[in-house]
Visitor: 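Here it is: the structure, laid out below.
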Amino acid sequence: MSQNDSQAILSVQRLSIEFGAKRVVDDLSFALYPRQTLCIAGESGSGKSLTSLAIMGLLPKQAHTPSGAIVFENRDLLSLAERERQQLRGKDIGMIFQEPMTSLNPLMTVGQQLAETLRRHEPLSRQAIAKRCREMLEAVRMPQVEKRLTQYPHELSGGMRQRVMIAMAMLCRPKVLIADEPTTALDVTIQAQILELMRELQQQYGTSLLLITHDMGVVAEMADQVVVMNQGRVEEQAPVRQLFATPQAAYTQKLLAAVPVLGSAGIPEDLSQQPALLEVRNLSVRFALRSGWFEAGKNVHAVENLNFDLRAGETLGLVGESGCGKSTTGKALMNMLAYEGSVKLLGQELNGLHGDALQRVRRDVQMVFQDPYAALNPRKTIFELVGEPLLIHDRLPNAPRRERVAQLLHQVGLPADAMARYPHQFSGGQRQRICIARALALNPKLIIADESVSALDVSVQAQVLELLEQLREEQGLSYLFISHDMAVVERICHRVAVMYGGQIVEIGRRDQVLHNPQHAYTKRLLSAVPLPDVERKRDFKSLLQEFRTPSPIKELGFVAPVQQFVQVSEEHAVAT
Amino acid sequence: MSTAVALLRRPTVAVSLLYIVLVVVLAALAPWLSPFDPSEQFIEGLSMEGAPLAPGDIYWLGTDLLGRDLLSRLIYGARTSLFIGLVANGMAVLIGTLVGLTAGFLRGWLGSALMRFTDLMMAFPALLLAIALSAIFQPSVWIVALVIAMVNWVQVARVIYSETIALSARDFVAVERTLGASSLRILFSHLLPHLLPTILVWATLGISTTVLLEATLSYLGVGVQPPTPSWGNIIFESQTYFTSAPWLVFIPGAAIILLSLAFNLVGDALRDELDPTLQGRS
């Protein structure tokens, strides 16, 4: 470590940020050294993003900084005039935001946006600017640079947009790059690419990186120094090895214990003798693509020929990256969209059901969504929300309904007085518990959990996973657990099915699929998961090449070739 | 009940309600409260040169061009204007909400048909439509209200339509479907409460435009027939004498503005009181 023999390039000294009387960042200090990476880790509400905005001078108007200093090259940024800060922004301090789509101007080409940034800070000729832009895009390993320069943001994939964002931030060779959750909105393989890219650029340009993240895996992969924040305060500050090996603060210990670690789960309980609850055969979902009046139509093949069984009492994980068709599968099973093929619940065919017959099936199959706040009508009380299925299906009168709702709330670990309150009065984890209580109201046999814990902080996530597990055992539930997070899937599922391009490419027991992957895509996916283990830093270089995903848009009448499966072991099958 | 109490505790709401009640009482008790007959032309109500009198001792708010008492005309005019404002605008909001909600929720061919019809109505010049309708039917206050509703519902339908589409895409609506809720239940129990703020804004803001549209129609001779006074036609009768007799325009104008402001403030407060998310965490 060269920390002692060089001077900090950016140091935050006893910084506090307040919104009115509410202190959201309290007495925060840290120092970033040249060529180093400092990670600020924390859960939502920890004040980590506000800190980055304070450094950039982009705090919202209502916020003020009653004390502290942010020193960059011997100047206190907080005392600079707005004009001087503008000159620093982009030139000496670059920033990357979480959402690459909303951070790029949709009406300007990539080339125009890059050139604009450069022109603002450096008096260069037209040719020199064009040259620098091209070089920068090459540095971020953008394929087909000339073509990209003339494209608009919507023509690029999410990963490529984030590369453009990085190129834009790095264009003036800033001394400090601030990245606020730069990979949170991205798929895991794209995340690995972006992380690798940031490592390379740091080497090449000698930039100091301030990385803000909630993901301890990303911290372990990237950080030299770590600041752990919680509710505006620093819980712990340590070099990365020390932090992971011997965490000092109780909060850090709790946080690290809650992080699911891929590869840690053993062989699950054997359920292979259980009868099948759900049998899915040749399930396909197509969406017609609207085109002009005189053009031939096209179809989006979202799900193609899916076959799997879900056994009673089992949790089956459906994993894959965005666009692989996993959520569409969940919706088809809920009869929320039209599909082809057969889905049988306890031997009863679900395809084509409507009216009363569908209503009866709805009792047995319930769904828990990703965003609990969006899934709860904000104008209804918890009693109305959780009691609604009882009202719809059983016309249960007020008094017994109240009793049942209290019982359900108790089951999911919420106090009975929650009934009179509204969704916005609860935290994210509590809201998801409310959604689970509602799904349980009719004693279903199967719950489809679509990314149900993805929006939650890790410590809350662990609690909700525990609750799901406990409910499964108590009530004999089965889950179809749809997720993009391998580590979470490994923790809760008995079996795992990996989806790619609308098809299952590998299915088997969790230890078989996740510890001994056979399909190229499963391998690629697993190699991209960052591990919260400093001793096992991953090399993402091989992932930098774009993996071609076949387009799901097909001409009318297209028939997908039938998949051939090889049986690796008794329960483990892989597509060839 | 608690909502009503909370509402009255806001000073602006209390004052607004007071004004609305005052107008309603004046309108209801017009024959007893107005000092003169609103249609009677007084010789002494005009000056020697034949000009209307400014506000004074006998005619508190002055007289109009024909020597009629302005205060009496205002009080009687409140009857027409209040009726038109509430009934015509109420009908417009009701029709607009139903059309927008149905089209936005059902989509499909019915939704498209409804919205294309709405677009057609929107593209049609509103005044021409109003004149045509008034020409077909015998003018009466009810017909005028109906005509205004026919012209005004389109904007409401457009706004409600797009809001319904946005709301239908939210997760909690998807959840309701998975729970097996019927369309009617989703519409009335889950979508309508979210549309209430918009509906309230239209219901209150629309009153002033309605009163003014009635005035326009009266001016063109297809609205409320003279000598029946309405706030709108008082302004239009006198607008050319604006410089010599400004009170004839200002006083009824102020009455209209205050009325729509009062409704608007009450509507705003009502919207806030009815939204549980604005009451903070506890």
Side-chain angles (χ1 to χ4, degrees), chain A residues 327 330-331 333-337 354-382 384-394 417-418 420-427 430 434-435 438-439 441-442 444 447-448 450 455, chain B residues 1-3 6 97 101 104-109 111-112 115-116 160 163-201 269-282:
Chain A
S327 286
K331 288 202 179 108
L333 297 181
M334 287 302 301
N335 255 318
M336 287 166 80
L337 38 84
H354 51 82
D356 287 348
L358 179 61
Q359 201 76 346
R360 275 195 295 279
V361 169
R362 291 235 186 273
R363 279 177 171 277
D364 292 334
V365 190
Q366 283 295 314
M367 192 159 181
V368 177
F369 287 67
Q370 170 168 4
D371 180 353
Y373 193 52
L376 294 168
N377 185 342
R379 286 172 177 264
K380 301 271 174 188
T381 63
I382 304 311
E384 289 171 306
L385 288 165
V386 177
E388 189 163 26
L390 300 166
L391 192 65
I392 295 171
H393 287 265
D394 297 337
D417 66 9
R421 293 197 271 158
Y422 290 92
H424 69 272
Q425 295 170 312
F426 294 88
S427 69
Q430 288 173 319
I434 294 166
C435 290
R438 176 169 59 182
L442 297 165
I447 289 185
I448 297 175
D450 188 358
Chain B
M1 246 6 260
S2 62
T3 311
T97 305
L101 204 60
F105 187 68
L106 293 182
R107 312 290 251 313
W109 67 268
S112 300
M115 285 332 280
R116 290 302 81 76
I160 296 288
E163 281 203 25
T164 308
I165 285 187
L167 276 173
S168 305
R170 301 226 336 230
D171 272 357
F172 68 82
V173 177
V175 171
E176 288 307 315
R177 290 199 189 288
T178 68
L179 291 176
S182 64
S183 292
L184 280 182
R185 178 171 193 91
I186 295 177
L187 265 179
F188 289 102
S189 179
H190 291 276
L191 292 183
L192 210 54
H194 286 267
L195 295 170
L196 206 63
T198 316
I199 294 174
L200 276 175
V201 168
L270 198 61
R271 179 194 61 196
D272 291 353
E273 282 306 322
L274 291 178
D275 188 350
T277 56
L278 287 180
Q279 279 146 45
R281 283 187 176 212
S282 66

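From a predicted model like this one, the values you see are computed outputs, not experimental measurements. The chains referred to below are lettered A, B, ... by the order of the sequence lines, with proteins before strands, and numbering in each begins at 1.
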Visitor: Inspect the surroundings of CG in A:Asp417 and state if more than 12 heavy atoms from other residues, nucleotides or ligands are less than 6.0 Å away.
Guide: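 Count over threshold, so yes.
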Visitor: Sort A:Lys380 into side chain, backbone, both or neither according to what part of it lies under 4.5 angstrom from a heavy atom of chain B.
Guide: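 For A:Lys380, side-chain heavy atoms alone lie under 4.5 Å from chain B.
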Visitor: B:Ser189 versus chain A, heavy atoms under 4.5 Å apart: side chain, backbone, both or neither?
Guide: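 For B:Ser189, heavy atoms of backbone and side chain both lie under 4.5 Å from chain A.
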Visitor: Using a heavy-atom cutoff of under 4.5 Å, enumerate the residues of residues 191-200 of chain B that contact chain A, numbered in order, or state 'none'.
Guide: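 So the qualifying residues are B:Pro193, B:His194, B:Pro197.
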Visitor: State, to 0.1 Å, how close A:Pro389 and A:Ala441 come at their nearest heavy-atom pair, and which atoms those are.
Guide: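 Between these two residues, the closest heavy atoms are CG-CB, 3.9 Å.
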Visitor: Is the side chain of A:Gln359 donor-acceptor paired with the backbone N or O of B:Gly180 at a distance under 3.5 Å, no angle test?
Guide: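 Indeed, once roles are kept as given, a pair shorter than 3.5 Å links the two residues.
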Visitor: Go through the steps to decide whether B:Arg185 and A:Glu388 satisfy the test salt bridge (Lys or Arg N to Asp or Glu O under 4.0 Å), and finish with yes or no.
Guide: CA-CA 10 Å; B:Arg185 178 171 193 91; A:Glu388 189 163 26; 2.6 Å; yes
Visitor: What part of A:Leu391 gets within 4.5 angstrom of chain B, counting heavy atoms only: side chain, backbone, both, or neither?
Guide: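 The answer is the side chain of A:Leu391.
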Visitor: How long is the span from the CZ atom in B:Phe105 to the CD1 atom in B:Ile160, to the nearest 0.5 Å?
Guide: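 Taking CZ in B:Phe105 and CD1 in B:Ile160, the distance rounds to 14.5 Å.
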Visitor: Return yes if some donor-acceptor pair links the side-chain N/O of A:Arg362 with the main-chain N/O of B:Ala181 below 3.5 Å, else return no.
Guide: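 The answer is no, because no donor-acceptor pair under 3.5 Å joins these two groups.
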Visitor: Please determine, among A:Met367, A:Gln366, A:Met334, the option with the most heavy-atom pairs under 4.5 Å with chain B.
Guide: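 The option with the most such pairs is A:Gln366.
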Visitor: Using modelled atom types only, decide if a donor and an acceptor are shared between the side chain of A:Gln425 and the backbone of A:Tyr422 within a distance under 3.5 Å.
Guide: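 Confirmed, A:Gln425 side chain pairs with A:Tyr422 backbone.
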Visitor: Would you please name every residue forming a salt bridge (charged side-chain N to carboxylate O under 4.0 Å, His left out) with A:Arg379, sequence neighbours left out?
Guide: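 B:Asp275.
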